[in-house]
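Shown next, in C-alpha cells, is the structure this report addresses.
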Protein chains: 2
Amino acid sequence: MPAEISGLRMTRQRWEVYRLLMEQRDHPTANDVFIRIKDRLPNISLATVYNCLEALVQHGVIRQVNFERESSRFCPNLEEHGHFHDKRSGTIHDVTFKPGVNLADVLNLPPGTLITDIEITLRGELPVS
Amino acid sequence: MPAEISGLRMTRQRWEVYRLLMEQRDHPTANDVFIRIKDRLPNISLATVYNCLEALVQHGVIRQVNFERESSRFCPNLEEHGHFHDKRSGTIHDVTFKPGVNLADVLNLPPGTLITDIEITLRGELPVS
DNA sequence: ATAGAAATTAGAATTATTCTTGCACGGTCG
DNA sequence: CGACCGTGCAAGAATAATTCTAATTTCTAT
C-alpha cells in the first residue's frame, strides 16, 4: 500500500476502497462498495465507506457520478468522459469524445467563462447485436 | 386555463405550478415552487407541488434538472440545452449548442445506440465583468 | 514511548422525496 | 336534480441516501 495517493494519506480502508474501484469498474454505489469490501475488511462501517469515497473524490483520485436522483456511483476513470446508462441492462458505460473535440467549443458560453467541471450523462439503449 | 397541456389534464394546482415555472425561469426546486406559489394557492401542499411537477415532467411539459445530489430543479425550456452552475452566484443558466452541433456525433458510441435523453451540466464561474 | 491529530465506528439525525389515507371535486348518467 | 365514480388534493407518516456526532482507535511526529 502506498503511503499516499495524490496527496491523500492512505489508510487500510481508503486503500481497499480505492483498489476495489480500480478492479471492479462497474460504477458501484457506496452501498455496493460496502457490501463488496466486507471480504477484506469485515468490520468497516458504511460511514467509513462514505468517508473514504469522499476523500478520494476530493483528491481527484476517483469521480462521483450521479444519475437522476439515484445513489451516487463512483468511477476510477479520470479521463474526460461521459456516462451512458443502458435502460435495458441497467449498466453504465464510459463514453469518450471523438478525437479533437473540446466540449466547451461547441457550447454557447459568455467569453471568459471558467469551466471547472463538466458532466455528461446519456440514457438510452445499446444495440441488441 | 386550458383544459389540458400535452395530454395532461389541467387542474388549478397544475396550472399555477406550470405558470409559475414559465414566469420565473430560474430553475426553482420543488420547495421554491411551494413557497412562491402560496400567494396564489395558500392551501396547496408540498406533496401536491411534487405531484404536479412530476405530472408535468412525465408529459414532457417541463424538464427536471439535477445538480450533484442537490434538490431537483425544474425548467420550462424544452429546447435541447445544458445547464451551467455559476459557483460565484449560485445561479443556473441554460446553455445551448452552437448551430449545427449534434452531441451524439462527437461521442464514441457503438453504432446503433439509441439515445433517449442527454444531460449536460457544467460548473464554473462566469466572467466578473 | 507519548501527546496530539486524524481516521474509524456505530448509531442517531437530516433531508429530499414518496407513500398512504381520507376527503373533496367535477363530470356523468339516470 | 342527485347519486355515483374516478381523479386529484392535503396532511402527515414513511423511506432512503447521506451526513453528523461522540467515543474509540490508529497514526505520526517528537
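Below, all heavy atoms of this structure are taken into account, side chains as well, without hydrogens, waters or symmetry copies. Numbers restart at 1 for each chain; the letters A, B, ... are given by sequence-line order, proteins then strands.
Taking 4.0 angstrom as the limit, B:Thr29 places none of its side-chain polar atoms (N or O) nearer than this to OP1 or OP2 of C:dA16. Residue A:Arg69 places no side-chain N or O under 4.0 Å from the OP1 or OP2 atom of D:dA17.
The distance from atom CD1 of A:Ile35 to atom P of D:dA17 is 11 Å, rounded to the nearest whole Å. Atom CG of A:Asp32 is separated from atom C1' of D:dT18 by 15 Å (rounded to the nearest Å). Taking atom CD1 of A:Ile37 as the reference point, atom C1' of C:dT8 lies 13 Å away to the nearest angstrom. What separates CD1 of B:Ile44 from C1' of D:dG12 is a distance of 16 Å, to the nearest Å. Residue A:Phe34 contributes atom CZ, which lies 10 Å from atom C1' of C:dT9 at whole-angstrom precision. Between the CG atom of A:Leu41 and the C1' atom of C:dA10 there is a distance of 16 Å, rounded to whole Å. Here the P atom of nucleotide C:dA16 and the CG atom of B:Leu46 are 10 Å apart, to the nearest Å. The distance between atom CD of A:Glu4 and atom P of D:dT28, rounded to the nearest whole Å, is 10 Å.
Side-chain N/O atoms of B:Gln64 and B:Arg73 include no donor and acceptor closer than 3.5 Å. Defined by atom type and a distance below 3.5 Å, a donor-acceptor pair is missing between the side-chain atoms of A:Asp32 and A:His27. A donor and an acceptor atom, one from each side chain of A:His81 and A:His83, are located under 3.5 Å apart. Side-chain atoms of A:Asn51 and A:Thr48 form no donor-acceptor pair, as typed in the model, at a separation below 3.5 Å.
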Worked verdict on B:Phe84 versus A:Leu109 for side-chain contact (heavy atoms from CB on, under 4.5 Å): CA-CA 9 Å; B:Phe84 180 88; A:Leu109 285 166; 4.2 Å; yes
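Set against C:dT8, D:dA10, C:dT9, the side chain of A:Ser45 has C:dT9 as its closest nucleotide. Nearest to the side chain of A:Thr48, among C:dA16, C:dT9, C:dA7, sits C:dT9. When distances run from any side-chain atom of A:Arg9 to the nucleotides D:dT28, C:dA16, D:dA10, the shortest one goes to D:dT28. When distances are taken from the side chain of A:Ser71 to each of D:dT18, C:dT18, C:dT8, the shortest belongs to D:dT18. Side-chain atoms of B:Ser72 lie closest to C:dT17 of the nucleotides C:dT17, C:dT9, C:dT8.
Contacts of B:Gln13 with the nucleic acid, taken as non-hydrogen atoms under 4.0 Å apart, involve only primed sugar atoms and P, OP1 or OP2. Among the protein residues, A:Asn31 comes within range of no part of the nucleic acid, since none of its heavy atoms lies under 4.0 Å from any strand.
Each of B:Leu8 and B:Ala47 lies near DNA chain D, and the nucleotide nearest B:Leu8 is the one positioned closer to the 5' end. Residues B:Asn51 and A:Tyr50 both approach DNA chain D. Their nearest nucleotides, taken by heavy-atom distance, put B:Asn51 toward the 5′ side. Place B:Asn66 and A:Arg12 on DNA chain C by their nearest nucleotides, and A:Arg12 ends up nearer the 5' end.
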